[in-house]
Amino acid sequence: MALRKPPLSGAYGADARFTDFGGWEMPVEFDSIRTEHAAVRESVGIFDVSHMGEITVTGPDATALMQRLTSNDVSALSVGDSQYAMITDESGTIIDDTIVYRLPDEGERYLFVPNAGHDEEAYRRWVDHRDEWDLAADVENETDEWAMVAVQGPDAVDAVGSQTDADVEPFSWGEGAYADVAGVRSWVSRTGYTGEDGFEILCPTDEVGAIWEAFVDAEGCEPCGLGARDTLRTEMGFLLSGQDFDPDDEPRNPYEAGVGWTVDLDTEFVGRDALARVASDGVEEAFAGLILRERGIARHGYEILADGEPVGHVTSGTMSPTLGEAIALGYVPAALAEPGTELSVAVRGQEKRAEVVSTPFIED
C-alpha cells in the first residue's frame, strides 16, 4: 500500500530525510537530530504532525459517548480546554492514547486526536459504540481535512504570539482557542509532546503551507523531524504508541504504563471495572526509566537483567542529547522499578550496567 503523504511534503526541502511512520511518509530529520533537539530545548522548533488523526464528535450525546470511550473525565472540560486520556478495551488494555479537545459550539463538540494510522480504527470504534448504545452523536473522521503543526520551545510563545491575532501568552496548558495564524483560521492549543512550552496548531489541510512558511522563514523556527521528536519525548518519559504500549505486541494497562493519572474511576468507560481491580490489587510490572552506567545504547526489544537473569525489556532507548548519557524506558517487575535499583541491559550480547531513575530524565 502506498504511504500517505502529509500536505507539507512538498515544502520540506531537498535535505529532508523520510521514514514510514504509521503508514505515513514523514520527515525523520531535516538538519540533524542533535541540532533539531537543541533548538526545541533552547529556542524554538516546528514539527509537522499532520500524520496524527482528527475525529470530531458532536450532538446532544457527544459528552456521553466521549465519556464512555476515554479514561479521563470529559465532563470536567470547559469549552476551549483539552485533556490527555487513554482509550482502553474491556480488559483495561490501552488501545491508543489521545488528546481530547472541547471545541466552542452551540452544542457539544469534541475533537480527539488518535495516533498516526489509528484514525479509521478509532472512527469505527466510536460509530459502533454509538450505535450499540443508541446515542445521538455525529462522528466524523476529518483526518484528511486537518493539518497540524507543533511549535515547541522556550521561545514558542513569542513566535506564535507574533503570528496570531490571539493573545496566547496567558493560555494555561491544554487551553486553546480559534485564531488567525499567518492569516489562516486555526485552532491553537497550548499542548505538545516535547516537554517544552509550546503550541499545537490545527488548520485546513490546503492552507498549512502558509503557516509553515511563516514560522520557518519569518520566525526562524528550526524544522524538526520525528527523530528529534523521539529523543525529546524519551527524555520526558512520554509513551510512544506501538512501542511503549501496543494492544497486540505490548499490551499494557495505564497503571503499568505509568499513566494511571489519566484514569478517572468515578466515570463509566470501557475498561473501567478491570482498571478498578488493577488499582486495588497493584501491578506486577511497571514502566521504569533507566540510565546506562556503561558505554552502549539500549534499543527497543533489548533484555533488562537482574543478577544476570532476564527480568524485563526495553521499549524505547536513545542517547540523550541533553544529558549526553544513554537513557531507556521499559517494563520490569514492580519491585525492581524503584529509583536507585541496579540492573543491566543486554546491548548486542554484552551486559551493561544500568540504574533505575525517576522520569522525566531531565528537569520538567
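Sequential numbering from 1 along the given sequence is applied to the chain's residues.
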* Does a side chain donor of either Glu351 or Ser344 reach within less than 3.5 Å of an acceptor in the other side chain? -> yes
* **Residue pair Leu329 / Leu290, side-chain heavy-atom distance below 4.5 Å** => no
* Using a cut-off of 6.0 Å, state whether more than 12 heavy atoms not belonging to Glu120 lie near its atom CD. => yes
* Asked: Aromatic rings Tyr193 and Tyr84: how do their planes relate, parallel, tilted or perpendicular, breaks at 30° and 60°?
  -> tilted
* With Glu235, the side-chain contact (heavy atoms from CB on, under 4.5 Å) member among Ile362, Thr194, Thr359 -> Ile362
* Asked: Would you call the rings of Trp187 and Tyr178 parallel, tilted or perpendicular, where under 30° means parallel and over 60° means perpendicular?
  -> perpendicular
* **Residues Arg185 and Asp180 bridged, charged N to O under 4.0 Å** => yes
* Please report the C-alpha distance between Glu342 and Arg353 in whole Å, then the side-chain angles of each, then the deciding distance to 0.1 Å, and finally whether the salt bridge (Lys or Arg N to Asp or Glu O under 4.0 Å) criterion is met. => CA-CA 7 Å; Glu342 294 183 358; Arg353 287 186 293 108; over 6 Å; no
* Asked: Between the side chains of Ser316 and Arg233, is a donor N or O closer than 3.5 angstrom to an acceptor N or O?
  -> yes
* **Salt bridge flag under 4.0 Å for residues Arg125 and Asp128** => no
* Once the angle between the rings of Phe30 and Trp212 is folded into 0 to 90°, is it parallel (under 30°), tilted (30 to 60°) or perpendicular (over 60°)? -> tilted
* Asked: Under a 4.5 Å side-chain heavy-atom rule over Ile, Leu, Val, Met, Phe, Trp and Tyr, are Trp133 and Tyr123 clustered together?
  -> yes
* To do: Would you indicate whether the side-chain heavy atoms of Ser241 and His118 approach each other to under 4.5 Å?
  => yes
* To do: Answer yes or no: is there an ion pair linking Arg293 with Glu355, defined by an N-O contact shorter than 4.0 Å?
  => yes
* To do: Decide yes or no for Thr234 and Leu232: does some side-chain heavy atom of the first lie under 4.5 Å from some side-chain heavy atom of the second?
  => no
* Group every Ile, Leu, Val, Met, Phe, Trp and Tyr by side-chain heavy-atom contacts under 4.5 Å, then state whether Ile95 and Val74 land in the same group. => yes
* Asked: Looking at Tyr331, does the NZ or CZ of Arg252 lie under 6.0 angstrom from its six-membered ring centre and within 45 degrees of the ring axis?
  -> yes
* To do: Is it possible for you to check whether Arg229 lies under 6.0 Å from the centre of the six-membered ring of Phe21, through NZ or CZ, and within 45° of that ring's axis?
  => yes
* Asked: Does Glu145 CD have over 12 foreign heavy atoms under 6.0 Å away?
  -> yes
* Asked: Can you name the nearest heavy-atom pair linking Ile211 to Val181, along with the distance?
  -> CG1-O, 3.6 Å
* Asked: Considering all heavy atoms of both residues, which atom of Gly53 and which atom of Asp119 are nearest to each other, and what is their separation?
  -> CA-CB, 4.0 Å
* **Close side-chain approach of Ile55 to Leu111, heavy-atom, < 4.5 Å** => no
* Cut-off 3.5 Å, side chains only: do Glu219 and Gln163 have a donor facing an acceptor? -> yes
* Please name the residue in the list Val259, Leu239, Val332 that meets the side-chain contact (heavy atoms from CB on, under 4.5 Å) test with Phe287. => Leu239
* Asked: Is there a donor-acceptor contact under 3.5 Å linking the side chains of Glu222 and Thr35?
  -> no
* Asked: Would you call Glu25 and Arg4 a salt bridge, using N to O less than 4.0 angstrom?
  -> no
* Do Asp264 and Asn72 get their side chains close enough for a donor-acceptor pair, meaning under 3.5 Å? -> no
* **Student check: side-chain heavy atoms of Ile94 and Asn253 closer than 4.5 Å** => no
* Between the side chains of Asp89 and Ser91, is a donor N or O closer than 3.5 angstrom to an acceptor N or O? -> yes
* Is there a side-chain contact between Val160 and Val188, using heavy atoms and a 4.5 Å cut-off? -> yes
* Asked: Any side-chain donor-acceptor pair under 3.5 Å between Thr315 and Asp244?
  -> yes
* Residue pair Arg277 / Ser280, side-chain heavy-atom distance below 4.5 Å -> no
* To do: Give the minimum heavy-atom separation between Ile297 and Tyr302, together with the two atoms involved.
  => O-CE2, 3.5 Å
* **salt bridge (Lys or Arg N to Asp or Glu O under 4.0 Å) evaluation trace for Arg190 with Asp197** => CA-CA 8 Å; Arg190 199 162 193 167; Asp197 194 6; 2.6 Å; yes
* Asked: Does a side-chain heavy-atom distance below 4.5 Å link Met66 with Phe112?
  -> yes
* Asked: Looking at Thr58, Thr63, Thr70, Thr56, which hits side chain to side chain donor-acceptor pair (under 3.5 Å) with Tyr110?
  -> Thr63
* Asked: Any luck finding a side-chain donor-acceptor pair between Asp81 and Tyr101 under 3.5 Å?
  -> no
